[in-house]
Asker: 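Next up is a structure, given as structure tokens.
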Amino acid sequence: DLEASEQEGREYIMHLDKMAGIRKNRAALAEWAYTSNITKENEDNRIQVQLEISQQEKLAWEETKMYRWQDFQDFSLRRMFKKYSQLGVAALPNDKYKQLMLSISGMESNYATAKICAYKNETKCDLSLEPDLTEIFAKSQDPEELKYYWVEWHKAAGARARQNFTEYVQLDNEAAKLNNFDDVAEWWQSEYEVPDFEQQLAKIWENVKPLYQQLHAYVRKRLRDKYGEEVVSARGPIPAHLLGNMWAQTWNNIESFTRPYPDKKEVDITQAMQDQNYTSLKMFRMSDEFFRSLNLTAMPEKFWKNSIIEKPTDREIVCHASAWDFYDGEDFRIKQCSTIDYEYFQTTHHEMGHVQYFLQYKDQPVVFRDGANPGFHEAVGDTIALSVSSPKHLRRVGLTSGDAEDEQTEINQLYKMGIDKIVFLPFAYTLDLFRYGVFRGATTPDDYNCHYWRLREELQGVEPPVTRTEDDFDAAAKYHVSADVEYARYYVSFIVQFQFHRALCQIAGEYVPEDLTKKLVDCDIYQSVAAGNALSNMLKMGSSRPWPDAMEALTGQRAMRADGLLEYFRPLHDWLQAENQRTGEYIGWESSNIQYC
Ligand SMILES: C=C(C[SeH])C(=O)N1CCC[C@H]1C(=O)O
Ligand SMILES: [Zn+2]
């Protein structure tokens, strides 16, 4: 009868979940070994382990079909079975599975080991993306030098990945179909468990776009003032290589010469960190201390022993920052190639947020040890970093002596946050709108680069520094495209982190709507146990409930909405409108004169 089989089902799934934890631990160790020491031997071992594990997953998957779990009464039990009833890429036959793994690791190792020759010194050809090109893009104000490095990187990391990428699309779509999805786009979106996910993304963009266009217009004017009409036009897109970042995804590196009130005290946190002899370990210790001040969990001993927080000198590794759960309840790690600057100070909090989530849900069944949705996982660390980057907190830790808040300083502060958070949204939206089209077959290989730039121009208002053709494949010059990492998670994160931040600030008594002494922009939840407990209650849930339940637990809202972000940046939006009116700057952009289709 149903009762017995539900009890049998419970015993079975708890056993299967335990076995899954052991498999995931083994897979993570093999992947860590490879990405922290890129050798052919470690790549072969990683693929061998993934193949063996996929066999075991197939057997377990066959067994779950013996239970009529759809009729079970217990919500959690049904949810566990539902998740285990989806096999994933292991549904591919062995040879195709192996081919898919090879095409992805081929792209990822190409990206991680790509070396570029120095500008005006063709004999020095050992420059890496991290830290070399990243530092050049942060500091150089020479359009020709930036153009050179932009072109070389997109050749080495983008064009060279086109063949593997085309194969990956084909095989990953086959895996999607074996999981009863039309294509990978539908598979990725199923992670968000809402039927109108893509419409929600579009709605949010409509809400944020007016603010973005004002910020884009202001920045374009300031760049035109600096580089001249020949380099930056009055009404066209902004050339992508002038924005302080290889992908123009955040523009914080051009703050020093574009901020609204340049005569107000300069808040150069990178300089302050270097003057105070910050180390990578100090950044991690400070972040860990912030989480502990909220009554959240301290990093365990193994974390400090096993993490890699600086680029090794004796081997090649995947430098792109990552956080790792080894699913044994005690081994959690971060791998990143830290440099001592504001950007990596933020990244450290971002990655520590992932590990805090791992720690908070470590007692859930393995299958629920995940973010409520992928965007939630990306939002934890950033939410904490919103407090850390407030003038109040930076003064508390001695990173700025910034004068008391006045109107102009507040606009400078909101501008600094806006060129990080607002400008990121159209970039993130573009990356997965592009890949949705690719997976659906709407964008074919002979259109890949043209479609990519058409979207970037339409949504982000940027253009490539030089003509592009289909010999290029610029999308893969971004880590997540070369590493098969879905990107809508960051778009979701940059929206929900402001809903989380607002809720936490109210709980901490740091933000009181209409009370001008308790503004959202000044909020710092540091040492608020009440805020920490509220955050912990949401994080402990992992993916055991649909994400609207988790969102409601913390914010009282059940939907992701732009209102948190728009409320935070309201004063900046008003200022930008007035400023662009004053200068007569054209809002928006006409089509580019650069040939790319
Ligand atoms: C820091 C990570 C690792 Se999950 C990352 O990839 N991020 C963090 C913000 C956006 C995105 C990027 O770098 O493109
Ligand atoms: Zn992340």
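Atom set for the values below is all heavy atoms of this structure, side chains included, hydrogens, waters and symmetry mates excluded. Indexing begins at 1, ligand by ligand and atom by atom, following the structure's order. Along the sequence shown, residues carry numbers from 1.
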Asker: With the threshold set at under 4.0 angstrom, would you say Ala321 reaches ligand 1 through any of its heavy atoms?
Answerer: yes
Asker: Check whether Trp188 forms a cation-pi arrangement with Arg435 (NZ or CZ under 6.0 Å from the six-membered ring centre, at most 45° off the ring normal).
Answerer: no
Asker: At the Zn ion (ligand 2), what's the angle from Glu378 OE1 to His354 NE2, rounded to 10 degrees?
Answerer: 100°
Asker: Which heavy atom of Trp453 sits nearest a heavy atom of Ala240, and at what distance?
Answerer: CH2-CB, 4.5 Å
Asker: For Arg369 and Gly329, work out which heavy atoms get closest and say how close.
Answerer: NH1-N, 4.4 Å
Asker: Return the residue, atom name and 0.1 Å-rounded distance of the protein heavy atom closest to atom 6 (O) of ligand 1.
Answerer: His320 NE2, 2.7 Å
Asker: For atom 14 (O) of ligand 1, grab the closest protein heavy atom and report residue, atom and distance to one decimal in Å.
Answerer: Tyr487 OH, 2.6 Å
Asker: Can you list the ligand 1 atoms lying under 4.0 Å from a non-hydrogen atom of Gln249?
Answerer: 12 (C), 13 (O), 14 (O)
Asker: Using the ring of each side chain (for Trp, its six-membered ring), is Phe326 parallel, tilted or perpendicular to Trp32, with breaks at 30° and 60°?
Answerer: perpendicular
Asker: In terms of atom number and element, which parts of ligand 1 are under 4.0 angstrom from non-hydrogen atoms of Phe424?
Answerer: 10 (C)
Asker: Which atoms of ligand 1 sit under 4.0 Å from any heavy atom of His350?
Answerer: 1 (C), 2 (C), 4 (Se), 8 (C)
Asker: Other residues, nucleotides and ligands only: do more than 12 of their heavy atoms fall within 6.0 Å of NZ on Lys203?
Answerer: no
Asker: Does at least one non-hydrogen atom of Glu378 fall below 4.0 angstrom from an atom of ligand 1?
Answerer: yes
Asker: For ligand 1, is Tyr479 a contact, meaning one of its heavy atoms is under 4.0 Å away?
Answerer: no
Asker: Assess the residue pair Phe368 and Tyr361 against the criterion (ring pair (Phe, Tyr, Trp, His ring centres under 6.0 Å)); give the C-alpha distance rounded to whole Å, side-chain angles, the decisive distance to 0.1 Å, and a yes or no.
Answerer: CA-CA 8 Å; Phe368 291 154; Tyr361 59 49; over 10 Å; no
Asker: Answer yes or no: does an N/O atom from His354 fall short of 3.5 Å to an N/O atom of ligand 1?
Answerer: no
Asker: Say whether Trp247 and ligand 1 are in contact under the criterion: heavy-atom distance to a ligand atom below 4.0 Å.
Answerer: no
Asker: Provide, to 0.1 Å, the distance between atom 4 (Se) of ligand 1 and the closest protein heavy atom, together with that atom's residue and name.
Answerer: Tyr490 OH, 3.1 Å
Asker: Inspect the contact between Asp363 and Lys540 and indicate whether a charged nitrogen and a carboxylate oxygen are less than 4.0 angstrom apart.
Answerer: no
Asker: In terms of residue, atom name and distance, what is the protein heavy atom nearest to atom 1 (C) of ligand 1?
Answerer: Glu351 OE2, 3.1 Å
Asker: What atoms of ligand 1 come within less than 4.0 Å of a heavy atom belonging to His480?
Answerer: 5 (C), 6 (O), 12 (C), 14 (O)
Asker: Can a cation-pi geometry be assigned to Arg220 and Trp589, taking NZ or CZ under 6.0 Å from the six-membered ring centre and within 45° of the ring axis?
Answerer: no
Asker: Regarding ligand 1, does Lys478 bring an N or O atom to under 3.5 Å of one of the ligand's N or O atoms?
Answerer: yes
Asker: Is the Lys NZ or Arg CZ of Lys282 less than 6.0 Å from the centre of Tyr278's six-membered ring, within 45° of the axis?
Answerer: yes
Asker: When Ile525 is tested against each of Thr383, Val388, Leu294 for side chain to side chain contact (heavy atoms under 4.5 Å, CB included), which residue passes?
Answerer: Leu294
